[in-house]
Peer 1: 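Got a structure here, written out as structure tokens. Questions coming.
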Amino acid sequence: MSEKLTLPIRPRRNRKSPAVRGLVRETTLRPEDLIYPLFLHDEEQNDAIESMPGLYRWSLAGLVEEVGRAREVGVRAVVLFPKIEEELKSSHGEECYNADGLVPRAIRAIKKQYPDVAVITDVALDPYNSDGHDGIVVEDDAGELKILNDETVEILCRQALCHADAGADVVSPSDMMDGRIGAIRAALDAVGHEEVSLLSYTAKYASAYYGPFRGALDSAPKAGDKNTYQMDPANRREALREAELDVAEGADMLMVKPAGPYLDIVRDLADSFAIPIAAYQVSGEYLMIKSAAADGWIDEEKVSMESLLGIKRAGADMILTYFAKDIAARL
Ligand code: PBG
């Protein structure tokens with residue numbers, strides 16, 4: 001029974017101890033790989049977000065404190081998502097380029113306290129749009145909802161300028177309108193903001209995984225869906241096409257979103273383009289781990305770490321994740 005195999009090659013030798021496993025480890029996660037998405041509102045108190053356990057809609061003061069706590073554990077980049085009061089929303093979302101709006105005030109507050117933290121902003125109309133879409137909505141003669149591309153891009157340019165003026169390090173268009181990267185680049189450069197970076201949501205899929213996020217911000221579409229601008233989850237080559245355009249238009253970094261169910265797209269872009277790739281582990285991915293862990297079915301610490309390692313291994317240079325602060329603290 002104790003027959004000896006003749007096996008000159010035994011892969012298990014490379015797994016025999018923590019030290020050896022450490023030597024051969026191919027992928028590592030670092031706090032500086034992580035981007036921490038933060039929700040904010042124009043209120044005095046911090047409100048727990050029901051659809052996203054462990055997360056808050058921060059007041060301005062609370063936001064700055066949370067940035068400080070994340071920075072303490074090594075997270076050096078945040079991305080801001082505002083909840084805008086209903087009465088400030090409009091069909092053209094003009095509030096999105098109000099220089100005294102919530103986001104510009106937040107950027108200034110963070111940069112004042114923590115100038116070394118990279119502040120990234122989301123460029124899209126949905127938090128400001130009374131129709132809950134990322135672009136301007138009109139009804140055509142047949143009563144069909146249409147999202148106006150070029151008119152929306154004009155507003156996105158103003159929004160990006162407003163964020164850059166307030167001190168944003170990176171602006172990140174998440175709207176999926178055609179041509180917005182080139183237009184925003186030109187608008188920024190025209191007024192001397194050539195140092196402001198563009199992180200493009202290049203392959204943003206029309207995903208049901210965004211549900212808890214829309215709950216957190218009250219930003220779900222009032223009618224229709226986002227299928228005429230966000231990508232079809234069935235498509236892979238289309239992501240390459242989007243990426244080619246974004247690179248040509250001047251994007252500094254490309255993003256794939258969601259992350260976990262789209263690892264093949266992360267790998268495709270990482271293999272095909274010589275610019276950094278970001279992946280966004282979205283609200284639904286976060287919530288699935290959180291709720292399974294809360295029920296005791298999985299180990300939150302291990303599964304969240306493994307999920308991020310998988311995203312990094314697929315080729316992401318950086319990851320937007322709601323676990324950023326917790327994970328960084330454990331690295
Ligand atoms: C909006 C935007 C969305 C997310 C980031 N920016 C929602 C959407 O497109 O409907 C989703 C993030 C998440 O689910 O965590 N432009």
Peer 1: For residues 38-65, pull every pair meeting salt bridge (Lys or Arg N to Asp or Glu O under 4.0 Å), keeping only residues two or more places apart or in separate chains.
Peer 2: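 Of all non-adjacent pairs touching residues 38-65, those that pass salt bridge (Lys or Arg N to Asp or Glu O under 4.0 Å) are D42-R105.
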Peer 1: Please report the shortest heavy-atom distance between S172 and Y201, naming the atom on each side.
Peer 2: OG-CE1, 3.2 Å
Peer 1: Sequence neighbours excluded, which residues qualify as side chain to side chain contact (heavy atoms under 4.5 Å, CB included) partners of H92?
Peer 2: E94, I136, I155
Peer 1: Scan residues 253-282 for pairs that pass salt bridge (Lys or Arg N to Asp or Glu O under 4.0 Å), counting only residues two or more places apart or in two chains.
Peer 2: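 For residues 253-282, and leaving out neighbouring residues, the salt bridge (Lys or Arg N to Asp or Glu O under 4.0 Å) pairs sorted by first residue read R236-D268, R267-D271.
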Peer 1: Can you list everything that forms a side chain to side chain donor-acceptor pair (under 3.5 Å) with R76? Sequence neighbours excluded, please.
Peer 2: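 Here no residue qualifies.
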Peer 1: Not counting sequence neighbours, which residues clear side chain to side chain donor-acceptor pair (under 3.5 Å) with Y97? List them please.
Peer 2: R158
Peer 1: I need the full list of side chain to side chain donor-acceptor pair (under 3.5 Å) pairs touching residues 294-303, with sequence neighbours left out, sorted by first then second residue.
Peer 2: K290-E300
Peer 1: For R21, give me all partners under salt bridge (charged side-chain N to carboxylate O under 4.0 Å, His left out), at least two apart in sequence or on another chain.
Peer 2: none
Peer 1: Which ILVMFWY residues are connected to L287, directly or by a chain of links, through side-chain heavy atoms under 4.5 Å apart?
Peer 2: none
Peer 1: Tell me which pairs pass side chain to side chain donor-acceptor pair (under 3.5 Å) where either residue lies in residues 7-16, with sequence neighbours left out.
Peer 2: none
Peer 1: Assert yes or no for the condition that the ring centre distance of Y36 to F323 is strictly below 6.0 Å.
Peer 2: no
Peer 1: Please report the shortest heavy-atom distance between V119 and D169, naming the atom on each side.
Peer 2: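 So the minimum-distance heavy-atom pair works out to N-OD2, 2.8 Å.
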Peer 1: Can you run down the ring pair (Phe, Tyr, Trp, His ring centres under 6.0 Å) pairs that involve residues 44-68, sequence neighbours left out, and say none if there aren't any?
Peer 2: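 Listed by first then second residue: Y56-W58.
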Peer 1: Give the minimum heavy-atom separation between V196 and A164, together with the two atoms involved.
Peer 2: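 Scanning both residues completely, I find the closest heavy atoms to be CG2-CB, 3.9 Å.
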Peer 1: Y262: which residues meet the ring-ring contact (aromatic ring centres under 6.0 Å, His included) condition with it, sequence neighbours left out?
Peer 2: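 ring-ring contact (aromatic ring centres under 6.0 Å, His included) check on Y262 returns Y205.
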Peer 1: Can you see whether Y280 has K204 sitting over its ring - NZ or CZ less than 6.0 Å from the centre and within 45° of the normal?
Peer 2: no
Peer 1: Looking at residues at least two apart in the chain, or sitting in another chain, which of them share a side chain to side chain contact (heavy atoms under 4.5 Å, CB included) with V191?
Peer 2: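 Checked V191 against side chain to side chain contact (heavy atoms under 4.5 Å, CB included); matches are L161, H193.
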Peer 1: Mind checking whether F81 and F39 have parallel, tilted or perpendicular rings, split at 30° and 60°?
Peer 2: tilted
